[in-house]
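Got a structure for you, written out below as structure tokens; questions coming shortly.
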Amino acid sequence: FRSIQVLALQEIWQLPHEEEISFPNFNLFHKLRSSNRGGGVGFLVNANLSCKIIEDLSTFIPFSFESITIEISLNNSSKISCTSIYRSPNPPANSSLANHSNCFLDNLDSLLHRLSLIYKESYIMLDSNIDLLIPSSYSEKYIDTITANGFYQLIFKATRIQNNSR
């Protein structure tokens, strides 16, 4: 068993008192909504790792596509990327669900494509709020977007258990 080195975060909301979520020997990297509650993404990274935010791979469109990408330099001089993404289940004001969904898939496709060109090894952790247990054209487009860019969806079970979860 290895100890945790990197922990992805979604829905971290506003952080008025960052020190309240500090963990010994970990650095916090994050992107937050400037207004409105909810959302936000980040990472807790072991302080012994050399890490930086890659701004041009950290698209942040509140509600629709909130992401942060970090680059971690490993001991053998190779680099990996880690991306944390959040998509709100509800579209922003003045946007339809269709536009909200298309914005997410377009930005996901663009990001995954760029990551696959730059990094040999990339890890994406996300809360897409897409129910993969109920087949739909949208969930199929989501999986197609991931696989077309050389990535693989690892979790196909409910991660939020409620009364009607399967």
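Residues: numbered from 1 along the sequence shown.
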Can you list the steps and then say if N27 with C51 is a side-chain contact (heavy atoms from CB on, under 4.5 Å)? CA-CA 9 Å; N27 295 320; C51 178; over 6 Å; no
If I take atom CD1 from residue I70 and atom OG from residue S50, how far apart are they, to the nearest 0.5 angstrom?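 It comes to 10.5 Å.
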Any donor-acceptor pair under 3.5 Å from Q5 side chain to N46 backbone: no
Beyond-backbone contact of L9 with L28, side-chain heavy atoms, under 4.5 angstrom: yes
Under the rule for ring-ring contact (aromatic ring centres under 6.0 Å, His included), what residues qualify as partners of Y86, not counting sequence neighbours? none
Transitive ILVMFWY side-chain link F151 to V6, under 4.5 Å: no
Side-chain heavy atoms nearer than 4.5 Å, only ILVMFWY residues, links allowed to pass through others: does that put Y119 and L112 together? yes
Any chance you could measure Y138, atom OH, to I130, atom CD1, to the nearest 0.5 Å? 4.0 Å
If you group Ile, Leu, Val, Met, Phe, Trp and Tyr by side-chain heavy-atom gaps below 4.5 Å, do F43 and I12 land in one group?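 No; I12 is not reachable from F43 via cluster members.
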Which value, rounded to the nearest 0.5 Å, describes the distance between I134 atom CD1 and S139 atom OG? 9.0 Å
Would you check, one step at a time, whether the test side-chain contact (heavy atoms from CB on, under 4.5 Å) holds for I4 with F23? CA-CA 12 Å; I4 294 173; F23 289 85; over 6 Å; no
Measure from the side-chain N and O atoms of S101 to the backbone N and O of L97, and report whether any donor-acceptor pair falls under 3.5 Å.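 Here the side-chain-to-backbone pair exists.
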Does one hydrophobic cluster hold both I80 and V41, with members joined at side-chain heavy-atom distances below 4.5 Å? yes
Between N48 and N25, does any side-chain donor sit less than 3.5 Å from a side-chain acceptor? no
Can you tell me if S84 uses its side chain to pair, donor with acceptor, with the backbone of I68 under 3.5 Å?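 Here the side-chain-to-backbone pair does not exist.
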With the side chain counted from C-beta on, respond yes when P92 and P62 share a heavy-atom pair under 4.5 Å apart, and no when they do not. no
What's the separation between atom CG in N149 and atom OG in S110, rounded to the nearest 0.5 Å?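 Rounded to the nearest 0.5 Å, the CG-OG separation comes to 9.0 Å.
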At their closest point, which heavy atom of H100 faces which heavy atom of S95, and how far apart are they?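 Of all heavy-atom pairs spanning H100 and S95, the closest is N-OG, 3.9 Å.
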Distance-minimising heavy-atom pair for A8 and Q10: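 In terms of heavy atoms, the two residues are closest at CB-NE2, 4.1 Å.
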Taking T147 for the side chain and I143 for the main chain, is one N or O donor matched with an acceptor at less than 3.5 Å?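 Yes, T147 side chain to I143 backbone: donor-acceptor pair under 3.5 Å.
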Going through the checks in order, is the side-chain contact (heavy atoms from CB on, under 4.5 Å) test met by T59 and L111? CA-CA 8 Å; T59 304; L111 176 64; 5.6 Å; no
With clusters defined by side-chain heavy atoms of hydrophobic residues (ILVMFWY) lying less than 4.5 Å apart, directly or transitively, does I146 cluster with I85? yes
Taking atom CD1 of I155 as the centre, does the number of heavy atoms from other residues, nucleotides or ligands within less than 6.0 Å exceed 12?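 No, CD1 of I155 has 12 or fewer neighbouring heavy atoms, counting only those of other groups under 6.0 Å.
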S67 and F60 have their tightest heavy-atom pair at N-CD1, 3.9 Å
When rounded to the nearest 0.5 angstrom, what is the spacing between OG in S122 and CG in L117? 10.0 Å
Sub-3.5 Å donor-acceptor pair from the side chain of T145 to the main-chain atoms of D109, do we have one? no
With a 4.5 Å heavy-atom cut-off, do D106 and F65 have their side chains touching?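 Of all side-chain heavy-atom pairs linking F65 with D106, none is under 4.5 Å.
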I need the full list of salt bridge (Lys or Arg N to Asp or Glu O under 4.0 Å) pairs touching residues 74-91, with sequence neighbours left out, sorted by first then second residue. E71-K79
Would you mind reporting whether I118 and L57 have side-chain heavy atoms less than 4.5 Å apart? yes
Side chain of S58, backbone of I54: donor and acceptor closer than 3.5 Å? yes
So, taking the atom named CD in E121 and the one named CD1 in I72, what distance separates them when rounded to the nearest 0.5 Å?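 If we round to the nearest 0.5 Å, E121:CD and I72:CD1 are 10.0 Å apart.
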Is any side-chain heavy atom of I61 closer than 4.5 Å to a side-chain heavy atom of C103?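 SC-SC contact between I61 and C103 confirmed.
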Is it true that, when you exclude N75 itself, more than 12 heavy atoms of the residues, nucleotides or ligands shown sit nearer than 6.0 Å to its CG?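 Incorrect, the count does not exceed 12.
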Any idea which heavy atoms bring S128 and F104 closest together, and the distance? CB-CZ, 4.0 Å
Could you list the residues that satisfy salt bridge (charged side-chain N to carboxylate O under 4.0 Å, His left out) with E55, not counting sequence neighbours?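 So E55 forms a salt bridge (charged side-chain N to carboxylate O under 4.0 Å, His left out) with K31.
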